[in-house]
Amino acid sequence: MSIYDSLNEPQKEAVFHTDGPLLILAGAGSGKTRVLTHRIAYLIEEKGINPWNILAITFTNKAAGEMRERVDQLVGFGSESIWVSTFHSMCVRILRRYIDRLGYDTAFTIYDTDDQKTLMKEVCKLADIDTKVYKERVILSAISSAKNELVSPEEFELNAGGDYGRQKILKAYREYEKQMRSNNALDFDDLLVKTVQLFQTQPDVLEYYQERFRYIMIDEYQDTNTVQFKLVSLLAQKYKNLCVVGDDDQSIYKFRGANIKNILNFEQEFPDTKVVKLEQNYRSTGNILNAANAVIRNNCGRKEKTLWTENEEGAKIALRQFDTAYDEADFIAEDIEKNIREGGSYNDNAILYRTNAQSRLFEERFVAANIPYKIVGGINFYARREIKDLLAYLKTIDNGQDDLAVRRIINVPKRGIGLTTINRVQESALERGIGFYEALKGLDLIPNITRGAAKLDSFVALIEYFKGRARTESISDLLQEIIEKTGYMESLEAEAKREDEAHDRAENIDELLNKIAAYEENCEDMGEKATLSGFLEEVALVADIDSLDEEQEYVVLMTLHSAKGLEFPNVYMAGMEDGLFPSYMTISSGDLEEMEEERRLCYVGITRAEEKLTVSCARMRMVHGETQYNRMSRFLKEIPVNLLDTGEVFVKKAEETEKEKTVFAASNPYFHAKKSFKAQPFSVMKGAEQFAASKAKGLDYTVGDRVRHLKFGEGIVENIAEGGRDYEVTVEFDTAGRKKMFASFAKLVKAE
DNA sequence: CTAGGATCATCAATT
DNA sequence: ATGATCCTAG
């Protein structure tokens with residue numbers, strides 16, 4: 001009896017195929033983690049591979065930890081020398097060792113999204129870019145896509161051509177790179193890009209890692225992007241022992257640059273690839289699986305496969321529609337309480353939603369009902385103000401080159417150092433080509449600093465003092481001292497606007513101290529030295545999901561994206577409404593591929609459920625402070641009715657919806673209400689469906705056109721929605737504001 | 001020059 | 001509803 005007997009045939013095939021490229025197409029819940037861990041065990045035990053030569057890449061740190069644990073259980077030894085990590089952590093480890101070859105200091109700092117935005121603001125000022133026209137976010141995402149596609153500023157220039165907007169972005173890209181370099185900082189994308197650059201320019205480094213990683217495994221391969229693919233192919237080039245596991249139906253990170261072609265074209269990229277399909281699902285009941293299959297079937301660009309299961313049919317999928325989002329939250333809270341009364345435990349339940357904002361309603365209900373819960377995602381712990389402030393102190397002490405960090409804390413807590421003074425220092429630093437902190441140390445060289453000088457001096461003295469302490473104290477003690485010496489807690493009290501705010505923030509700081517202590521302890525266990533930079537690096541790469549603990553008794557709330565790779569006995573998918581999921585952006589863009597990505601997300605959600613799935617929607621909800629009226633999500637209509645339990649009240653309505661859609665729509669009081677599509681002249685023009693619809697009816701105007709109304713004057717058509725026997729037209733009038741009207745009554749005329 | 005208050009825009013998903 | 005920018009008083 002060996003550990004491999006419990007595997008099914010295709011699983012065994014995958015485990016025993018150890019040499020050469022291997023593509024495992026693993027449907028949801030088909031036991032891919034089992035395959036990966038058994039494969040590692042097989043490599044070590046049966047093939048005598050040194051664990052040291054194995055690299056496994058997972059999507060989250062949490063998954064990495066679990067994989068190590070499970071290998072440990074199988075093999076009993078050696079798992080600690082397997083390199084299991086995420087792409088980003090792997091790159092950091094490599095870069096800490098070799099990035100000096102690319103002209104960076106190995107003590108580089110990692111910028112998160114907030115830092116990037118702050119820096120971009122700066123960049124736009126320097127490059128004379130109007131952030132009203134080119135938003136920082138937009139520029140940053142353009143740069144990020146460029147990096148993800150391995151497009152350098154030089155190549156970007158070649159592609160930009162004469163396009164004015166592209167030229168602006170190019171300018172920002174150049175300046176951004178320059179600033180990043182002088183701050184000795186890398187953003188998330190850089191971690192990957194620089195590693196690829198390192199491998200491409202330093203053959204000896206590449207050779208070293210190729211030798212080291214003779215067997216490579218990659219999980220969630222469908223969500224890798226172009227850089228990651230490049231990285232992997234460089235590493236695997238020599239031995240070609242590359243095993244990737246993925247499911248094209250679960251690719252949900254296209255917006256982040258994930259390239260589905262990486263999986264669809266794997267066989268072309270790596271000739272002689274063995275392909276194994278895992279189609280037996282062990283996770284979900286028959287009904288849940290059938291619903292998932294029915295939904296995903298509506299997508300075109302996918303590898304054909306159908307999941308099947310030997311599990312029993314199980315309960316039907318509960319579909320509930322409510323008048324308001326409050327009712328929805330009430331129902332779910334009550335339903336969970338009911339489950340608990342019947343002997344269930346909190347951590348069997350998960351609530352999944354499309355946007356983080358939806359968590360608030362549930363949070364309120366749960367607090368009121370005394371239900372323990374944990375919200376994953378939202379504002380990252382390390383993105384909170386108080387945490388970022390304190391980390392900025394640590395960064396300043398650790399790496400004086402990080403201007404952003406220094407500027408963040410120079411007046412926090414308030415020291416009477418204002419913007420003007422900071423700008424003077426900045427200018428002087430720029431002129432002399434040195435860092436901000438360096439400039440601070442040579443104050444006397446800066447003109448026009450008179451009143452501020454004393455304050456700046458004492459700030460520098462404070463930091464220098466801390467630097468001295470950092471050499472002898474532990475990180476925890478250092479942070480404690482920073483908090484005391486700066487009077488940070490007192491300033492929190494003074495700044496707090498809300499009752500409890502200071503208290504909440506203080507709790508977060510305690511949590512930070514705990515995390516530092518845990519890090520120091522962990523280092524001790526591993527026999528490594530706990531360093532400030534080590535801690536800062538760990539901090540930069542943790543995702544909220546990493547803190548999820550299955551043993552803890554709480555209901556988990558998170559976005560559908562975060563739920564990837566997890567499973568729960570009882571799952572609620574909330575807010576299943578057109579406009580929320582799929583989102584307005586997707587609907588109004590008319591982009592088929594985007595819609596398919598949303599559908600995949602829905603598929604991911606459904607397949608998280610083991611025993612019971614509840615899908616729910618509300619007719620009315622507040623979004624961004626205004627009331628929206630939404631219809632049931634189109635994805636729900638793709639689930640066959642015989643798999644659904646619609647509840648007594650709802651049954652009638654569901655039938656009506658099916659048979660007499662128009663009548664139902666017209667009699668629905670909410671139908672006439674406002675559906676606010678925001679004005680999006682460019683994307684709306686692409687709205688092919690809407691365009692076709694309005695044309696078909698013979699309206700002589702369409703979205704984006706200027707029209708004239710008898711009473712309201714001229715305006716722009718923002719939206720044309722089909723409903724009942726008429727079209728509902730939304731017009732933004734120049735003088736009368738936004739109005740919604742029926743086309744047959746409004747008598748709108750196209751104006752030119 | 002700095003701090004505090006008022007006004008204004010923005011608002012998917014994540015390492 | 002929340003965070004950034006503008007404006008004014010000290």
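Only this structure's heavy atoms are used, side chains among them; waters, hydrogens and symmetry mates stay out. Just so we're on the same page: letters track the sequence lines, and every chain starts at 1.
- Rounded to an integer number of Å, the gap from CZ of A/Phe381 to P of B/dT15 is 16 Å.
- Distance CD1 (A/Ile143) to P (B/dT15): 21 Å, rounded to an integer number of Å.
- Phosphate proximity of B/dT10 to A/Lys135: present, with a side-chain N or O under 4.0 Å from OP1 or OP2.
- Checking the phosphate oxygens (OP1, OP2) of B/dT14, no side-chain nitrogen or oxygen of A/Thr113 falls inside 4.0 Å.
- Within the nucleic acid shown, A/Ile252 has no heavy atom closer than 4.0 Å to any nucleic acid atom.
- Screening A/Arg621, A/Arg634, A/Arg631 against A/Glu577 for a salt bridge (Lys or Arg N to Asp or Glu O under 4.0 Å) leaves a single residue, A/Arg621.
- Residue contacts shown for A/Ser562 are limited to sugar-phosphate atoms, with no base heavy atom under 4.0 Å away.
- Side-chain proximity of A/Arg354 to B/dT14, B/dA12, C/dA1: nearest is B/dA12.
- Side chain A/Arg256 to base B/dA13: no donor-acceptor pair is found below 3.5 Å.
- Toward the 5′ end of DNA chain B lies the nearest nucleotide of A/Arg137, the other residue of the pair A/Val376 and A/Arg137 mapping further downstream.
- Atom C1' of nucleotide B/dT10 and atom OH of A/Tyr584 are separated by 17 Å, given to the nearest angstrom.
- Geometrically, A/Arg256 engages A/Tyr253 in a cation-pi contact defined by less than 6.0 Å to the ring centre and at most 45° from the axis.
- Between A/Thr355 and B/dA13 there is no side-chain N or O to OP1 or OP2 distance below 4.0 Å.
- Between A/Phe255 and B/dA12, no base-stacking contact is recorded for ring centres under 5.5 Å apart and planes less than 30° from parallel.
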| request: Take A/Tyr603 and A/Arg599 through the side-chain contact (heavy atoms from CB on, under 4.5 Å) test and state the conclusion after the steps. | output: CA-CA 6 Å; A/Tyr603 175 78; A/Arg599 188 175 284 109; 5.9 Å; no
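- In this structure, A/Phe581 and A/Cys602 have side chains that are in contact, with non-hydrogen atoms separated by less than 4.5 Å.
- Distances shorter than 4.0 Å separate none of the side-chain N or O atoms of A/Ser89 from OP1 or OP2 on B/dT15.
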Parsed dot-bracket for DNA chain B after applying the Watson-Crick and G-U rules with both distances under 3.5 Å and | for other-strand partners is ||||||||||.....
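- A/Met585 places its CE atom 13 Å from the P atom of B/dT10, with the value rounded to the nearest Å.
- Looking at A/Thr224 and A/Asn262, their side chains do bring a donor and an acceptor atom within 3.5 Å of each other.
- Not one side-chain nitrogen or oxygen of A/Asn411 sits closer than 4.0 Å to the OP1 or OP2 atom of B/dT2.
- Atom CG in A/Asp546 sits roughly 12 Å away from atom C1' in B/dT14 (whole-Å rounding).
- Here A/Ile417 lies in heavy-atom contact (under 4.0 Å) with sugar-phosphate atoms only.
- Here A/Phe59 lies out of heavy-atom contact (under 4.0 Å) with every strand.
- Looking at heavy-atom distances under 4.0 Å, A/Asp189 makes no contact with the nucleic acid at all.
- Taking every side-chain heavy atom of A/Glu594 into account, B/dA12 is the closest of B/dA12, B/dT2, B/dT15.
- Between A/Leu352 and A/Ala563, the closest heavy-atom pair is CD2-CB, 3.8 Å.
- Rounded to a whole Å, the CD atom of A/Glu537 is 14 Å from the C1' atom of B/dT15.
- Between A/Leu192 atom CG and B/dT15 atom P there is a gap of 13 Å when expressed in whole angstrom units.
- When the side-chain nitrogen and oxygen atoms of A/Asn356 are compared with OP1 and OP2 of B/dT14, one or more of them lie within a distance under 4.0 Å.
- With distances taken from any side-chain atom of A/Lys414 to the nucleotides B/dA12, B/dT2, B/dG4, the minimum falls on B/dG4.
- At the heavy-atom level, A/Lys117 lies nowhere under 4.0 Å from the strands shown.
- Classified by interplanar angle (parallel below 30°, tilted 30° to 60°, perpendicular above 60°), the ring pair A/Phe188/A/His88 is perpendicular.
- Checked by atom type and distance alone, the side chain of A/Asn299 pairs as donor or acceptor with a backbone atom of A/Glu596 at under 3.5 Å.
- In the set C/dA4, B/dT2, B/dA13, the nucleotide with an atom closest to the side chain of A/Thr420 is B/dT2.
- Between A/His561 and A/Phe255, the gap from one ring centroid to the other is short of 6.0 Å.
- Using a 4.0 Å heavy-atom distance criterion, A/Glu597 is classed as making no nucleic acid contact.
- Within 4.0 Å (heavy atoms only), A/Ser583 reaches at least one base atom of the nucleic acid.
- Between A/Leu361 atom CG and C/dA1 atom P there is a gap of 12 Å when expressed in whole angstrom units.
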